[in-house]
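Here's the structure, in structure tokens; my notes come after.
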Amino acid sequence: MLSDHVQQALNNQIRYEAESSQIYLSMASWAETNGFEGVAQFMFAQADEERMHMLKILHYVNERGGYAAVTALDAPPTQFGSVKEMFEQLLQHEIKVSQLINNLVDITLQEKDYATHNFLQWYVAEQIEEEATARTILDKIKLIGDEKSGFYLFDKDIRALIATAPTKP
Ligand code: FEO
């Protein structure tokens, strides 16, 4: 059985993962309409990943005798300026998610909820991967600078990263 504190914290995370999915879906749509087909594919895949992250917690809460709430979400941004700015936002977002997961882990220790602590270890590992992927992509973008042909190749290259994206549980 989950304590109220742990259940509330997990429900907050469900909402945050759902909002992450919407943000990446919005990034995908922006990329698709700005000629970055590879980036769009990457972002559509990221949006699916985040939905899977959300569902995994939702099922966990319900299986442990709690109730996973499905709530309204904040609207994602719709304009991202440039591919570089978009990936900078993605990295900052993932750093924030990592902090939230760390806080959650902390709460499970305070509450002596070792089952949920164990459940969250998958997310701890996943966040290392997600931050690393975002940093790798940003490094590539910084190498390209503003060169158009470089961006054309980058857009093709990024499709390879979809295949190496964190695997589903
Ligand atoms: Fe579900 Fe990208 O954190």
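For ligands, and for the atoms within them, numbers begin at 1 and follow the listed sequence.
Between Glu88 and Gln92, the side chains place no donor N or O within less than 3.5 Å of an acceptor N or O (distance only, hydrogens not considered).
Of all protein atoms, those of element N, O or S that lie under 2.8 Å from atom 1 (Fe) of ligand 1 number 3.
Of the residues Thr116, Leu120, Leu100, the one that meets the side chain to side chain contact (heavy atoms under 4.5 Å, CB included) test with Val105 is Leu120.
Residues that satisfy the side-chain hydrogen bond (donor to acceptor under 3.5 Å, both in side chains) test with Ser20, not counting sequence neighbours, are His93.
A parallel orientation is assigned to the rings of Phe36 and Trp30, their planes being inclined by less than 30° (bins at 30° and 60°). Note: Tyr123 and Phe119 have tilted aromatic rings, judged against thresholds of 30 and 60 degrees for the angle between ring planes.
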- List the steps and the verdict of side-chain hydrogen bond (donor to acceptor under 3.5 Å, both in side chains) for Asn12 and Gln8. CA-CA 6 Å; Asn12 288 344; Gln8 183 59 49; 3.2 Å; yes

